[in-house]
Amino acid sequence: MHAYRTHTCAQLTKDDVDQSVRLSGWVHNKRDHGGVLFVDLRDHYGITQIVADSDSEALPVLEKLKLESVVTIDGTVKARDAAAVNANLPTGEIEVFARSIEVQSRASDLPLIVNSAEDYPEDIRLKYRFVDLRRERVHANIMLRNQVIQSLRRRMTDQGFSEFQTPILGASSPEGARDYLVPSRLHAGRFYALPQAPQMFKQLLMVAGFDRYFQIAPCFRDEDLRADRSPEFYQLDFEMSFVTQEDVFNTIEPVLAGVFEEFSGGKSVTPAGEFPRIPYAEAMLKYGSDKPDLRNPLIISDVTEHFTSSGFGLFEKIVGGGGRVRVIPAPNTHEKSRKFFDEMNDWARKEGFAGLGYVTRKQGEFGGPIAKNHGTEGMEKLYAELGLGENDGLFFAAGKEKDAAKLAGAARTRVAEELGLIEEGCFKFCWIVDFPMFEWDEDLKKVDFSHNPFSMPQGEMEALETQDPLDIKAWQYDIVCNGYELSSGAIRNHKPEIMYKAFALAGYSQEEVDANFSGMIEAFKLGAPPHGGSAPGIDRIVMLLADEPNIREVIAFPMNQRAQDLMMGAPSVVSPKQLRELNIQLSPKAREATEAARSGESTDMNTNATVRDEDPQAQDG
RNA sequence: GCGGGUGUAGCUCAGUUGGUUAGAGUAUCGGCCUGUCACGCCGAGGGUCGCGGGUUCGAGUCCCGUCACUCGCGCCA
């Protein structure tokens, strides 16, 4: 007999009755009736009920054992009486009568309970993540993640992509997010940078002639966190040679639609080949966002023209100053109280906007200060143009174009949520296309790249030479699903002369380009195919499929919002010897902070991870 | 860096207008219980009300500051 098990905890059925079996697992739950004891024994696969009574030598041991201890049970499979069958359990028709027990690992008091769905504070869950991960929901999320990755891999290899690894210790480059840096021991004062994405390497793989690359690539960005953002995350990074934007779309739509259909649990998914394509400018106008949630039926309109002259002085003034007025319909709000509208305005102010105006309409009657001042005739004209009905309210976002769009976008979401208009049970994909190549940098008062500088401008050299830089579009595209940006990609600029020209428009000299991007530029001078790709975010995909509110629920060992690993105690203080080897000296401020951590001056609960560091019990060698 | 929310027993939470000894469930410990599957019953222990200061005869409750977690803005594709 195997040392630990003959079956898993999900395997035994009525067909196995009377068999002698050996099971191993965690003590999930106990029900002690004095003379008879029931134990739910759990492993990765499932739960089997173990029974022990006074005839069993296992009884006194199990009685004393705490939950989550690990045991091996030798016993006999018994059929349960009809009345005792548990229909909720795949193994519910049988139980195992324990003849003997071996305790593999004795658990002490638990910081959180595995057999309950109760929510625990996230810092406790993260500190004891190995226990948290035993719980049904998180365990299932991590398994879902595994399946999604397997499926993505299969779908990519089926389409002729090859998987390659790229370096983790790379060179820092000036554009993009803040790099995580790793000091070099052999080269004093120099640093490696962890990849924000394997961008240059995947392009160089195309230059190297591999034609179709993909990788489940770890990416690192040292920026502040959000619910859908972690400092380290994974992308389905891919790149293809000799392709147009259309080819990239046709390749990746079936992969994403396919994997979503496979794991959506019955939710509808935008079919491959039917992802709507929304130009960036249109997205900003109609949805107030470059990652619109298409489950939200509300569409923003620009009504600036109606307020060039208006009794409503505030809007007239904004319009006169070059600003825009955008509106968000609030359908069928005739029965909403004034409070509803006022609270929307309060919300907008709390969000840092100047305020959200509104017009109410009940049985054709307009209400609210904007309607009063603008006049019934003007309002009717506006409503007719927008196709609004006699019971539809209207919210107004006014200001500089960027601010008005942003407020309108936030209000569109808020209004739809308040009115329950967001369609449920679906994944709605779209492409955002035609991103501007350049934008005006208000701080530096100059033209700068609005996205990745390696994207090919639409119209290529001719566009750069003849058009206003701010009018030039890039072959740059995002995939958006339910309001989340899942992927960003581009057809790359593989021509050095266009690269130099594009950088020149953004104010960078050829020498600067050569200095910062020498590898790429050199490569493009030695025979580079036209190529493009994208990189869907794996964590966000799994988060959406698992219907979780944040990315940490689908990461086995996530960091908290301050980029700490509460379980392992990262980032940690290192020894003076390590620092000396790296030729690194701490600043006085850093010395003070690390001294405080060492002497345990700070006694708040978040130093617990560090305390655990020093607990030999907690070290796993 | 900024704004919102939260912080009361190991955990989940209640705690009235500022008023007696801060409660419940769960977990833990002890006792009882031979068919449970969220087993049940009896009992016990467990509290710096995040921390510091203030107002007050009196603060879990009000005020100021601060810390932690979290959501968002800035930042970031």
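Below, chain A is the first sequence line, B the second, and so on; all start at residue 1. All values below were derived from every heavy atom in this structure, side-chain atoms included, with hydrogens, water molecules and symmetry-related copies excluded.
- Nucleotide B/rC76 holds its C1' atom 13 Å from the CD atom of A/Glu175, rounded to whole Å.
- Residue A/Arg552 places at least one side-chain N or O under 4.0 Å from the OP1 or OP2 atom of B/rC71.
- For the pair A/Lys78 and A/Phe97, the cation-pi criterion (under 6.0 Å, within 45° of the ring axis) is fulfilled.
- For A/Arg562, whose side chain is taken as the heavy atoms from C-beta onward, the closest listed nucleotide among B/rC75, B/rC69, B/rG35 is B/rC69.
- Taking only distance into account, the side chain of A/Arg125 never meets the base of B/rC11 through a donor-acceptor pair shorter than 3.5 Å.
- The distance between atom CD1 of A/Ile124 and atom C1' of B/rA27, rounded to the nearest whole Å, is 13 Å.
- Whole-Å rounding puts the A/Glu122 CD to B/rU12 C1' distance at 16 Å.
- Distance CG (A/Asp81) to P (B/rC37): 15 Å, rounded to an integer number of Å.
- In this structure, B/rU17 makes no Watson-Crick or G-U wobble pair, since no nucleotide meets both defining distances under 3.5 angstrom.
- Contact annotation: A/Lys406 side-chain N/O to B/rC73 OP1/OP2 distance is not under 4.0 Å.
- A distance of about 14 Å separates the C1' atoms of B/rA14 and B/rU61, rounded to the whole Å.
- You'll find that the side chain of A/Arg221 is closest to B/rC76, out of B/rC69, B/rC76, B/rU70.
- A sub-4.0 Å separation between OP1 or OP2 of B/rC71 and a side-chain N or O of A/Gln561 is present.
- Residues A/Phe233 and A/Phe220 place their aromatic rings such that the two centres sit no closer than 6.0 Å.
- Non-hydrogen atoms lying under 4.0 Å from RNA chain B are contributed by A/Glu485, A/Ser488, all within residues 484-491 of chain A.
- In this structure, the CE atom of A/Met559 is 13 Å from the P atom of B/rU70, given to the nearest Å.
- Between A/Phe438 and A/Phe449, a ring centre-to-centre spacing shorter than 6.0 Å is recorded.
- With a cut-off of 3.5 Å on both Watson-Crick or G-U wobble distances, the partner of B/rC75 is given as none.
- A side chain to side chain contact (heavy atoms under 4.5 Å, CB included) with A/Leu41 is found for one member of A/Val71, A/Ile47, A/Val70 and no other, namely A/Val71.
- If you take atom P in B/rG35 and the same atom in B/rU16, they sit 44 Å apart, rounded to whole Å.
- By the 30° and 60° cut-offs, the orientation of the rings of A/Phe429 relative to A/Phe275 is parallel.
- Taking the six-membered ring where the residue is Trp, the centroids of A/Phe130 and A/Phe557 are separated by 6.0 Å or more.
- Between A/Asp32 and A/Lys30 there is no salt bridge, since no side-chain N of the basic residue sits under 4.0 Å from a carboxylate O of the acidic one.
- Checking B/rU36, B/rG10, B/rC11 against every side-chain atom of A/Arg80, the shortest atom distance belongs to B/rU36.
- Summarising the base pairing, B/rG46 is matched to no nucleotide, lacking a Watson-Crick or G-U wobble pair whose two defining distances lie under 3.5 Å.
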Are any protein N/O atoms closer than 3.5 Å to N/O atoms in nucleotides 38-44 of chain B? If there are, list each pair with its distance.
unit_1, atom_1, unit_2, atom_2, d
B/rC39, OP1, A/Asn29, ND2, 2.8
B/rC39, OP2, A/Asn29, ND2, 2.4
B/rC39, OP2, A/Arg31, NH1, 3.1
B/rC39, N3, A/His33, ND1, 3.4
B/rC39, N4, A/Asp32, O, 2.1

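- Rounded to a whole Å, the CZ atom of A/Arg414 is 13 Å from the C1' atom of B/rC71.
- Phosphate contact (OP1/OP2 of B/rC71, side-chain N/O of A/Arg226, threshold under 4.0 Å): absent.
- Taking the ring centroids of A/Phe503 and A/Tyr508, they lie under the 6.0 Å cut-off.
- The partner of B/rC41, taking Watson-Crick or G-U wobble pairs whose two distances both stay under 3.5 Å, is B/rG31.
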